[in-house]
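Input: a single structure, listed below in structure tokens.
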Amino acid sequence: MSPHRGCRPATGAGDEMVGAVLSLDVPGTGEGYVERVAVRRDYRNRGIARMLLREAFRTFYRQGKRTCTLSTHSGTGALSLYERIGMTVRRSSTVYSKALVSGQSK
């Protein structure tokens with residue numbers, strides 16, 4: 001994967017960065033990939049992530065890509081944002097864990 005060129009990766013307020021998106025080109029897939037979306041906590045719910053994602057989508061589209069993918073954890077609070085901008089769940093996964101206790105094999 002290589003960094004995606006031509007996309008405005010960050011936005012600021014004054015001289016401070018308040019949001020960024022890291023977009024990648026996945027060679028051979030024909031789709032764009034958003035690796036990371038980040039907005040400073042005190043600037044959330046102002047449309048910054050939506051604006052950054054839409055800019056990434058436009059750039060991917062201009063480059064001939066017709067699909068964009070991102071992976072997220074359900075605890076991020078951003079699931080409704082992704083759905084509001086037209087993304088849908090492609091697949092879901094389950095994560096298992098086990099507490100490890102001394103002397104216990106099961």
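In this chain, residues are counted from 1 in sequence order. We use all heavy atoms of the structure for the numbers below, so side chains are in, but hydrogens, waters and symmetry mates are not.
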Does atom CG of Asp42 have more than 12 heavy-atom neighbours from other groups under 6.0 Å away?
yes
Distance from Tyr43 atom OH to Met17 atom CE, nearest 0.5 Å?
13.0 Å
I need the minimum non-hydrogen distance between Val39 and Arg44, along with the two atoms involved.
O-NE, 2.9 Å
How long is the span from the CZ atom in Arg90 to the OG atom in Ser71, to the nearest 0.5 Å?
9.0 Å
Can you tell me how far apart CE (Met87) and OH (Tyr82) are? Round to the nearest 0.5 Å.
8.0 Å
Carboxylate-amine/guanidinium contact Arg50 Glu83, below 4.0 Å:
no
To the nearest 0.5 angstrom, please state how far the CG atom of Leu81 sits from the CG atom of Asn45.
9.5 Å
Please tell me whether Tyr33 and Tyr61 are part of a single hydrophobic cluster in this structure, the criterion being side-chain heavy atoms less than 4.5 Å apart.
no
Got Val37 and Leu53 here, is their nearest side-chain heavy-atom distance under 4.5 Å?
yes
Out of curiosity, Arg36 CZ to Leu24 CG, how far, rounded to the nearest 0.5 Å?
10.5 Å
Between Arg40 (side chain) and Gly19 (backbone), is there a donor-acceptor pair under 3.5 Å?
no
Count I, L, V, M, F, W, Y as connected when their side-chain heavy atoms are under 4.5 Å apart, and connections chain through other members. Are Leu79 and Leu70 then in the same cluster?
no
Check whether NZ of the Lys or CZ of the Arg Arg54 lies under 6.0 Å from the centre of the six-membered ring of Phe57 and within 45 degrees of that ring's axis.
no
Would you indicate whether Arg41, at its atom CZ, is surrounded by more than 12 heavy atoms from other residues, nucleotides or ligands within a distance under 6.0 Å?
no
Would you name the heavy atoms of Thr69 and Glu31 that are closest together and state the gap between them?
OG1-OE2, 2.9 Å
Hey, are the side chains of Cys68 and Val34 touching, using non-hydrogen atoms and a 4.5 Å cut-off?
yes
A side-chain contact here means heavy atoms from C-beta on lying under 4.5 Å apart; do Val18 and Arg46 qualify?
no
